[in-house]
Amino acid sequence: MSTLAPVYSPVAIEEKWYAYWMKHGLFRSKPDDREPYAIVIPPPNVTGVLHMGHMLNNTIQDVLVRRARMLGKNACWVPGTDHASIATEAKVVEKLAAEGVKKTDLTREAFLEHAWEWTRRHGGIILEQLKRLGASCDWERTGFTMSPDYSRSVIRAFVDLYRQGKIYRGVRMVNWDPQAQTALSDEEVVYREQQGKLYYLRYRVSGAPAAEGAGAAPPASHPDYIVVATTRPETIFGDTAVCVNPRDERYRRLKGKTLIVPLINREVPVVEDEYVDPEFGTGCLKVTPAHDVNDYRLGEKFGLEAVDIFNDDGTLSEKAQLYVGQDRFEVRRQLEHDLAAAGLLEKVEDYVNKVGFSERTNAAIEPKLSLQWFVRMAELAEPALAAVVDDDVLIFPPKFKNTYRHWMENIKDWCISRQLWWGHRIPAWYLPQGGVVVAETPEEALAAAKEKTKNPNLSLADLRQDEDCLDTWFSSWLWPIAVFDPNVAGNPEADPNKDLQYYYPTADLVTAPEILFFWVARMIMAGYEWAGGYPFRNVYLTGIVRDRMGRKMSKSLGNSPDPIALIEKYGADSVRLGMLLTSPAGNDLPFNETLCEQGRNFCNKIWNVFRLIKGWEPSNSEPQPEHARIAVEWFAALLCKTVQSVADDFDKYRLSEALMELYKLYWDEFSGWYLEIIKPQQGRHPDKKTYAATLSIFDAMLRLLHPFMPFITEELWQNLAERREGESLMAALQPFAQEFDRDVLTSFERAKQVVSGIRSIRKEKGIPGREPLTLLFRGSLPPAAVAIVGKLANVEQVTGVAENTEPLCASFLVDTTELYVPLGSLVNVEEERQKLEAELAHFRKFLRSVQAKLSNEKFVSSAPESIVAIERKKQRDAEAKIASLEELMNKLKTN
RNA sequence: GGGAGCUUAGCUCAGCUGGUUUAGAGCAUCUGCCUUACAAGCAGAGGGUCGGGGGUUCGAACCCCUCAGCUCCCACCA
């Protein structure tokens, strides 16, 4: 009798096996002659902590990697972290602020000192958390996007693109984050609907008399004024024109006139452009070239001055003339009063419009003209677009292929400079007399500068390096290349090293759809640019983890459970199951702790099966009983079928379905049917043959389950037999798909129906399981049924009869075989009759529909032969069943 | 404004080329059981006119049209 506890406790077991796997280098991967299988982790922020999204994402990666390893591939999962320029810098700034230190008071060097300190303190926590999950990463390969090697890759890539003319510097309208005080790429801006106001402002026509204040406000249609609608009145100080549609009759009189901007009294021209929608607002558009993308275009077209009225922190600058130094939103509020007081505010309406916010700091984005570095994308995008369109890179689920194509076909240049310190500093040096050199090192920059200026006396002190850093994604787009060979990116002459040759392209990339453009698309571009081809063959896009109310889990909402707390409560295997039980690729995962409970229950089930088996010893004296022989034969076939369909599920990235299949195989088929059949009586042991077969089946199931639940399967596998030190389930092979006999499966399914039929009768009649029954049948029964009813339904005797002569029976049908359970007085004839009547009605109706189909000439002539044959069989079966039911009915009547 | 997708049992989803589907699964629910591996369990049961309407077809959850609702992505309407 086993002394193991009836409840599985994961904590100590998980720790033990993770340490064991590490100790024996089982996560390690080096190039050899096996087929390679590589995954690079989407590097989490270096100072981040694990959240539910990571949990889902990394569980999927671990399942894929562990399975690949067990299929005999050389599996390599490369972990690492991202320096996350803006996110990390924001955290450091916040931390310093809490200590009363302003970033602006520090030198760049001093600030970086703090940032590195922060990174050392918090860096890598998330990787330790991944270990709790069971992640089988090759930790010796842990990368960091700001390690010295990696930084060299990034800088080299910049220099290379610059030399090719694919990077340029210029003044463009960019998304300005006034809180972080940096430019952002278009992808870093999120638009949200905001309840705002639409302000109708009066612009006086030049030469017309000025208003005298609120009381003297002219009527709306006054010829001396026009009315302009805007959501951002504070930008009027940057107005350099007013634009109307040339076809707009209402404003024909303004042609060639100038207008007076309210409060600051700047005289601006009226320009005409089709861009303006006469239907919107008043049909007059104020033009602020420095603070609106469209206005910028109008400004370029009409040669208007761009007056930048904002400071970098979002306060008004000297150029605004009024409200200087005040915050933009405060000015907006004040203006409403001040304009009204001046008689220049016609009306204010509530208005919903979309406003851009910084993805990182959540500050309202200010479109702003500024001098930034850009990557020219058109040429880079070409092969990356083709890769996906031509299916060299497959995206799961495939609906994202369209999204990808649309973005790539309309790609815009990428603003890569950030006004931050934490990151890769732009390798550009400005010359004393103007001009710039771009080089990998200061020394090379100096040499280039000397050549460019023809001045051999130039020194490093004369050069001024660009203050800005590169966008984080400008480094992470090199990830699948640089983690294997940091010398290749940006270096056309470099020969790829062994690692890159072997592992590249990687097999699968698992990530969230939200970074399809940020990261996935750009990695593909970088792959073609520097590594000769795409970086991964398959992209698996996960869904978003949501709470019960369907909200995205986020720190700010506080609706996300702490993954580590969940692991401590339920065990890592249970949480992994919870993540995978209901999340097909691309579908959101509505998370609920009950999913972890379900996982825990399953672990417990597995554990108890093990307790049962562990308590057995093979008995040499016993011959194998027929029921056990049949169970073994059946389960072997079922196992083969499952191995095949699980393989098929994996090919299609249907991980949840693969898991569910194994879940049911283990719980229903193995525990519920197989073990109940072969289980010897209490205190006895199974025969040698059955025992061996059971161990081997259990072993196969542990292998199949291991990628999903690595800890418990390893624990049980290690205890199932003597193992050598260093031996591990994770290094074992998956069961191979073999041919199997489908007839074995169908006969067994019929046998199950017989058992269920008898159990149903017991339940209905309230006959306890202990009371043995007799079973009569008319027709054919598979041997399996005869073999197992004794064990599973406590049937003492099974007898085939030509005709049922027992007077009082409960009866049921399995296919067309009639089964009778003699019950004497327990039978209520009327009840039985009603039951049969209902069944008869059902089959008669069904038969009519089949007959209708078959008597339809068009069906018989146009449907394929095989389909007609199926219908004929349905007809025969239904007829036979009806005959059998009628027979049962007759018996009931005659009795 | 453009594009993509979704709507099947109380919940989450399968249903792949229209016919072996007489619509399935897991969870939840209900009923009966502390049966000697497991009550985190066992046995049994109920639950759906496949979002509405129309069409194509011998045949529709599946194809077409239309209406309604939901989600996501992209876009410069002040």
Side-chain angles (χ1 to χ4, degrees), chain A residues 1-2 4 6-8 173 191 198 228-232 235 243 275-277 279-288 292-297 351 353-354 367 397 399-404 406-407 410 513-514 516-517 544 548 550 574 581-584 586-590 592 594-595 597-598 600-615 652 654 656-657 660-661 663-664 671-672 675-676 679 681-683 756 759-764 766 768-770 842-843 845-846 849-850 853 856-864 866-871 873-874 877-878:
Chain A
M1 191 59 222
S2 172
L4 295 166
V7 171
Y8 171 66
M173 183 66 71
Y191 288 88
L198 195 55
V228 169
T230 179
T231 52
R232 304 202 51 196
T235 61
C243 190
Y275 165 73
V276 176
D277 176 6
E279 303 298 313
F280 187 89
T282 60
C284 292
L285 172 72
K286 66 193 257 330
V287 184
T288 321
D292 184 283
V293 184
N294 300 299
D295 294 12
Y296 176 66
R297 281 178 207 160
Y351 185 71
N353 67 336
K354 282 208 168 165
K399 66 173 176 179
F400 285 103
K401 190 172 162 179
N402 265 334
T403 315
Y404 178 90
H406 184 260
W407 189 75
N410 297 287
E514 17 185 78
L516 187 60
F517 307 134
I544 294 165
R548 230 173 303 184
S574 304
L581 276 166
T582 62
S583 60
N587 268 41
D588 287 356
L589 165 62
N592 190 325
T594 58
L595 288 167
E597 260 176 57
Q598 196 184 342
R600 180 201 59 185
N601 294 353
F602 186 46
C603 286
N604 206 232
K605 186 72 189 175
I606 295 175
W607 176 251
N608 278 294
V609 165
F610 173 74
R611 285 176 68 218
L612 176 67
I613 294 175
K614 192 64 186 167
K652 294 170 178 150
R654 301 173 174 209
S656 299
E657 285 190 35
M660 187 45 69
E661 196 137 7
Y663 178 92
K664 286 189 283 188
S671 309
L675 287 178
E676 290 302 329
K679 189 162 78 174
Q681 283 181 329
Q682 194 193 4
S756 295
R759 286 172 173 171
S760 254
I761 289 170
R762 280 187 188 278
K763 172 93 179 172
E764 272 167 34
R770 298 181 179 286
H842 174 258
F843 282 112
K845 190 178 159 202
F846 176 65
S849 77
V850 174
K853 218 178 216 183
N856 180 340
E857 259 178 58
K858 278 194 174 169
F859 169 72
V860 179
S861 58
S862 47
S866 60
I867 298 301
V868 178
I870 285 163
E871 290 304 315
K873 183 173 186 311
K874 281 185 190 172
D877 289 353

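Residue numbers begin at 1 in each chain, while the letters A, B, ... track the order of the sequences. As the structure is a computational prediction, the values presented were derived from the model and not from experiment.
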If the cut-off is 4.0 Å, is [X] near the phosphate of [N], judged by side-chain N/O to OP1 or OP2?
X         : N       : value
Ser760(A) : rA45(B) : yes
Tyr404(A) : rC74(B) : no
Arg762(A) : rC42(B) : no
Ser756(A) : rG44(B) : yes

Pairwise distance [atom1]([X]) to [atom2]([Y]) - rounded to 0.5 angstrom:
X         : Y         : atom1 : atom2 : value
Asp292(A) : Thr230(A) : CG    : OG1   : 9.0 Å
Asn592(A) : Leu581(A) : CG    : CG    : 11.5 Å
Lys853(A) : Ile867(A) : NZ    : CD1   : 8.5 Å
Leu675(A) : Ile613(A) : CG    : CD1   : 5.5 Å
Leu595(A) : Leu589(A) : CG    : CG    : 7.0 Å

Open item on the list: Ring of Tyr191(A), cation from Lys354(A) - is the NZ or CZ under 6.0 Å from the centre and inside 45° of the axis?
Closed with: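 Because its charged atom misses either the 6.0 Å distance or the 45° angle limit, Lys354(A) does not stack over Tyr191(A).
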Atom [atom1], compared across [N] and [M]: separation rounded to whole Å:
N       : M       : atom1 : answer
rU8(B)  : rC13(B) : C1'   : 9 Å
rC62(B) : rG55(B) : C1'   : 15 Å
rG1(B)  : rC76(B) : C1'   : 11 Å
rC58(B) : rU66(B) : P     : 24 Å
rU49(B) : rU12(B) : C1'   : 23 Å
rG51(B) : rA61(B) : P     : 10 Å
rC30(B) : rC72(B) : P     : 34 Å
rG24(B) : rG47(B) : C1'   : 13 Å

Can you measure [X] atom [atom1] to [N] atom [atom2] for me and round it to whole angstrom units?
X         : N       : atom1 : atom2 : value
His406(A) : rC72(B) : NE2   : C1'   : 14 Å
Arg232(A) : rA78(B) : CZ    : C1'   : 11 Å
Asn353(A) : rG1(B)  : CG    : C1'   : 16 Å
Asn601(A) : rC42(B) : CG    : P     : 10 Å
Leu595(A) : rA25(B) : CG    : P     : 19 Å
Ile544(A) : rU71(B) : CD1   : C1'   : 10 Å
Gln681(A) : rU35(B) : CD    : C1'   : 13 Å
Leu4(A)   : rC38(B) : CG    : P     : 12 Å

So what does [X] touch, heavy atoms closer than 4.0 Å: a base, only the sugar-phosphate, or nothing?
X         : result
Arg654(A) : base
Val609(A) : base
Asn856(A) : sugar-phosphate
Lys401(A) : nothing
Val860(A) : nothing
Val868(A) : nothing
Ser862(A) : base
Asp292(A) : nothing
Arg297(A) : base

Under a 3.5 Å limit for both distances, which nucleotide forms a Watson-Crick or G-U wobble pair with [N], could you say?
N       : answer
rU36(B) : none
rA4(B)  : rU71(B)
rU31(B) : rA43(B)
rG24(B) : rC13(B)

Looking at [options], which one has an atom nearest to any side-chain atom of [X]?
X         : options                   : answer
Phe517(A) : rA37(B), rC74(B), rA40(B) : rC74(B)
Tyr275(A) : rA37(B), rC76(B), rU12(B) : rC76(B)
Lys605(A) : rU12(B), rA78(B), rC42(B) : rC42(B)
Tyr663(A) : rC58(B), rC27(B), rA78(B) : rC27(B)
Lys874(A) : rC58(B), rG26(B), rU22(B) : rU22(B)
Ile870(A) : rU20(B), rA78(B), rA40(B) : rU20(B)
Pro864(A) : rG19(B), rA78(B), rA43(B) : rG19(B)
Lys664(A) : rA25(B), rA37(B), rG44(B) : rA25(B)
Phe843(A) : rU22(B), rA37(B), rG15(B) : rU22(B)
Arg600(A) : rU22(B), rA40(B), rA78(B) : rA40(B)

Of Asp877(A) and Glu657(A), the one whose closest RNA chain B nucleotide lies more 5':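 Counting from the 5' end, the first nearest nucleotide belongs to Glu657(A).
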Phe280(A) vs Ser671(A), nearer the 5' end of RNA chain B by closest nucleotide:
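Upstream on the strand: Ser671(A).
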Open item on the list: Is there, by distance only and without an angle test, a donor paired with an acceptor across the side chain of Glu676(A) and the base of rA37(B) below 3.5 Å?
Closed with: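 Indeed there is one.
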Check your understanding: Do Lys763(A) side-chain and rU31(B) base share a donor-acceptor contact under 3.5 Å?
Key ->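 Side chain to base: pair present.
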Is there a donor-acceptor pair under 3.5 Å between the side chain of Asn604(A) and the backbone N or O of Arg600(A)?
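It does not hold such a pair.
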TODO: May I have the step-by-step check of side chain to side chain contact (heavy atoms under 4.5 Å, CB included) for Val860(A) and Glu871(A), ending in yes or no?
DONE: CA-CA 10 Å; Val860(A) 179; Glu871(A) 290 304 315; over 6 Å; no
*asked:* Val7(A) vs Trp607(A), test: side chain to side chain contact (heavy atoms under 4.5 Å, CB included). Steps then yes/no.
replied: CA-CA 7 Å; Val7(A) 171; Trp607(A) 176 251; 5.8 Å; no
Exercise. Are Phe846(A) and rU22(B) stacked, counting the six-membered base ring, centres under 5.5 Å, planes under 30°?
Worked result: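 Yes, Phe846(A) stacks on the base of rU22(B), since the ring centres sit under 5.5 Å apart and the planes are within 30°.
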